[in-house]
There are 2 protein chains.
Amino acid sequence: MTNKPVKKGAPAPSLDAVLNTIQSGDCIEVMNSLPENSVDLIFADPPYNLQLKGELHRPDNSKVDAVDDHWDQFDSFAVYDRFTRDWLSAARRILKPNGAIWVIGSYHNVFRMGAELQNQGFWILNDVVWRKSNPMPNFRGKRLTNAHETLIWASKSESAKPTFNYEALKALNEGVQMRSDWVLPICTGHERLKDENGDKAHPTQKPESLLHRVLIGTTNPGDVVLDPFFGTGTTGAVAKMLGRNFIGIEREETYRKVATKRIKNVRKLDNEALEVSQSKRAQPRVPFGQLVERGMLRPGEELYSLNGRHTAKVRADGTLVGSKDNKGSIHQVGAAFEGAPSCNGWTYWAYKSEGKKVPIDNLRQQIRAEM
Amino acid sequence: MTNKPVKKGAPAPSLDAVLNTIQSGDCIEVMNSLPENSVDLIFADPPYNLQLKGELHRPDNSKVDAVDDHWDQFDSFAVYDRFTRDWLSAARRILKPNGAIWVIGSYHNVFRMGAELQNQGFWILNDVVWRKSNPMPNFRGKRLTNAHETLIWASKSESAKPTFNYEALKALNEGVQMRSDWVLPICTGHERLKDENGDKAHPTQKPESLLHRVLIGTTNPGDVVLDPFFGTGTTGAVAKMLGRNFIGIEREETYRKVATKRIKNVRKLDNEALEVSQSKRAQPRVPFGQLVERGMLRPGEELYSLNGRHTAKVRADGTLVGSKDNKGSIHQVGAAFEGAPSCNGWTYWAYKSEGKKVPIDNLRQQIRAEM
DNA sequence: GTGTGTTTTGAATCCAGTT
DNA sequence: AAACTGGATTCAAAACACA
């Protein structure tokens with residue numbers, strides 16, 4: 001097929017010709033060549049427009065492999081906004097009236113995408129937070145760990161009736177309603193595709209678990225899912241596995257090659273195999289600081305060791321000052337008092353309530369019960 | 001005070017007059033009456049119900065005057081964008097060059113706020129997800145549970161140096177770096193303010209735990225924190241408790257009343273509880289040469305890298321000569337040995353005392369203890 | 001194979017003070 | 001103003017190495 005925009009009046013090519021293929025070329029041109037109102041879902045992971053300055057090293061002096069690819073370079077917000085407007089309106093044209101779109105991004109670009117979605121008349125259904133269980137830390141200690149990315153799920157219009165498999169998502173979530181925050185690990189290990197040198201084939205490969213949840217929740221088997229920034233084809237691989245049809249668009253030949261091979265090796269699951277690997281539910285960690293933030297303990301309040309020998313005062317940042325001016329976490333101060341190498345502060349300290357000592361662990365239990 | 005915009009050339013009123021008060025009136029007018037570059041932090045939770053009535057003007061500057069005033073979706077976004085632009089630029093003017101701003105919103109408005117922040121030259125530092133531990137479920141089962149809201153933390157410019165209490169936040173999070181996703185319960189129970197009928201006093205009262213984390217992390221005691229959409233004064237209550245100064249602006253008298261009473265009952269914590277964990281960066285610098293001058297290390301003495309691979313000799317001027325005849329500071333020689341771009345010599349080198357390797361950092365600690 | 005310790009790595013707008 | 005330099009800074013998971 002050609003990548004030329006459709007001429008006015010020319011019959012749009014049938015969708016069947018491009019079903020379950022990867023089209024080469026610019027995604028706007030390719031989308032413009034497809035028939036309007038023909039696609040059930042669009043999943044788009046466009047360049048984020050990161051603006052990285054110098055190099056970044058980890059504390060052990062190793063260099064961080066940055067996303068410095070040419071396709072992520074834009075001269076200004078104006079240029080990026082035009083790009084966003086153009087590909088979104090091309091996507092909008094080919095979407096069925098009851099179709100939906102997902103976009104994913106970070107704070108660098110997601111606000112601009114969200115605003116443009118709204119400007120074009122898309123109707124936002126949810127924003128979804130992908131909370132990474134193993135994000136890259138902030139090595140210089142100058143910011144918060146950038147531990148999430150944002151997805152936006154939107155229908156073509158306010159009155160549309162997009163597919164939403166409520167019960168399937170509820171089942172995925174151990175029987176309770178699926179929330180707008182999804183805890184999933186980043187793509188590593190065997191799932192992460194490598195090139196012939198053993199380097200990562202694509203700098204920003206998304207985990208299949210993310211696409212799995214998107215496709216299970218917002219498409220049906222047989223639906224057509226289009227990904228205009230196909231990369232190494234995670235969308236296509238998961239779509240094939242789940243019995244959905246995909247259309248990929250990708251400019252870079254190297255990515256297309258990797259994706260083609262990858263998808264060829266995917267086998268469609270039998271229906272019974274659609275059971276999902278659930279993220280293990282470990283006992284969630286509760287930082288002591290949360291008791292302070294939540295007002296369960298007040299800064300300045302006295303804590304008492306359960307053995308009755310020591311006291312310490314709570315500070316606003318969740319650390320303690322012991323009566324010997326020893327500062328640190330509940331564990332550190334406890335250990336210092338006991339001259340022990342370590343100490344479980346949760347079982348060491350108590351607060352006073354109506355004159356009685358109550359272990360602070362009770363407060364932790366309370367928080368866990370809410371989670 | 002009056003709410004008129006400041007006339008050109010008129011002296012801006014001193015900030016002291018409004019410190020720890022709640023100003024009535026339109027937040028844009030009040031902010032315009034304050035001196036520029038005077039506020040350390042702005043926390044803003046703007047309305048986004050698109051029924052802003054008197055607060056809003058159409059793009060052609062005609063006033064939107066009634067609840068049932070009909071405007072189409074495009075109009076309403078344009079109106080909201082203008083409102084956002086106006087209050088953000090008023091906020092920008094009064095912010096100190098190294099000040100910062102937090103805004104909070106949901107998918108209805110946060111993308112527009114984020115884009116406008118960037119357009120005005122604010123520099124996004126993080127977006128933060130407030131993950132609600134007890135959100136309202138989606139009753140109709142047509143969407144995901146809307147279980148989070150988004151905050152954006154931004155400095156006034158790319159080159160600004162905003163306050164960030166890295167160690168304090170790390171302490172709040174049980175010793176690991178604070179992430180961009182914050183799990184906190186919504187505001188309920190005793191904390192939720194009620195009116196005389198027992199109904200909630202404000203529809204979107206934010207939890208104090210959220211403000212606690214914001215203020216501990218990005219302000220210092222004595223800073224000035226302004227909240228242009230004060231509501232029932234959560235920002236003021238937490239600011240007072242944590243020894244920060246606040247300026248509230250609120251147009252609704254009922255909210256001002258509730259907030260005034262609420263804040264009056266708050267007691268400032270004593271200074272000891274307000275002290276938070278300090279970064280090493282805050283500690284005084286000790287030149288390595290001082291160890292030599294003070295005779296803690298002798299010129300000619302051998303140093304050993306803690307990894308056991310390299311040695312170097314101390315020279316009288318506090319530089320080293322490595323075994324490869326590489327000369328320079330403790331950092332430079334360490335970096336040369338490791339072929340690394342940089343090296344912290346304090347943690348790289350050790351001297352021998354009674355046959356045992358002792359990190360030279362111990363000697364620095366000793367000096368700092370005397371200071 | 002099994003268990004244990006070490007190394008590697010991930011969409012990152014990641015320094016501050018002095019000369 | 002630009003260049004230099006001291007020195008502060010990381011978490012989880014998987015791969016890998018080795019006993």
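Chain A is the first sequence line, chain B the second, and so forth, proteins listed ahead of strands; every chain is numbered from 1. As a basis for the values below, the full set of heavy atoms in this structure was taken, side chains included, without hydrogen atoms, waters or symmetry mates.
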> Quick one: what's the B/S/- string for nucleotides 8-19 of chain C, heavy-atom cutoff under 4.0 Å, read 5' to 3'?
Replying inline: -BBBBBBBS---
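- Residues that satisfy the side chain to side chain donor-acceptor pair (under 3.5 Å) test with A/Trp87, not counting sequence neighbours, are absent from this structure.
- Partners of B/His310 under the side chain to side chain donor-acceptor pair (under 3.5 Å) rule, at least two apart in sequence or in another chain, do not exist in this structure.
- To the nearest 0.5 angstrom, A/Ile152 atom CD1 is 5.5 Å from A/Leu117 atom CG.
- Stem regions annotated for DNA chain D: C:2-10 with D:11-19, C:15-19 with D:2-6, counting only runs of 3 or more consecutive pairs of Watson-Crick or G-U type with both contacts under 3.5 Å.
- Residues meeting the side-chain contact (heavy atoms from CB on, under 4.5 Å) test with A/His108, sequence neighbours left out: A/Leu50, A/Ser106.
- Evaluation of the side chain to side chain donor-acceptor pair (under 3.5 Å) rule for A/Arg58 yields A/Ser62 as partners, not counting sequence neighbours.
- The distance between atom CG of B/Asn344 and atom C1' of D/dT9, rounded to the nearest whole Å, is 9 Å.
- Residues from residues 301-329 of chain B lying near DNA chain D, meaning a heavy-atom separation below 4.0 Å, are B/Ser329 in numerical order.
- A donor N or O paired with an acceptor N or O is found under 3.5 Å between the base of D/dA8 and the side-chain atoms of B/Ser342.
- Distance, A/Leu184 CG to D/dA13 C1': 15 Å, rounded to whole Å.
- Less than 4.0 Å separates DNA chain D from at least one heavy atom of each of the following residues of residues 162-177 of chain B: B/Tyr166, B/Glu167, B/Lys170, B/Val176, B/Gln177.
- Aromatic ring pairs are classed by plane angle as parallel below 30°, tilted from 30° to 60° and perpendicular above 60°; the pair A/Trp102 and A/Trp153 is parallel.
- In this structure, the side chain to side chain donor-acceptor pair (under 3.5 Å) partners of B/Asp181, at least two apart in sequence or on a different chain, are A/Arg131, B/Arg179.
- Under the side-chain contact (heavy atoms from CB on, under 4.5 Å) criterion, B/Asn344 pairs with B/His331, B/Trp346, B/Thr347, sequence neighbours left out.
- In this structure A/Glu253 satisfies the salt bridge (Lys or Arg N to Asp or Glu O under 4.0 Å) test with no other residue, sequence neighbours excluded.
- Listed by chain and residue number, nothing satisfies the salt bridge (Lys or Arg N to Asp or Glu O under 4.0 Å) test with B/Lys156 (two or more places apart in sequence, or in another chain).
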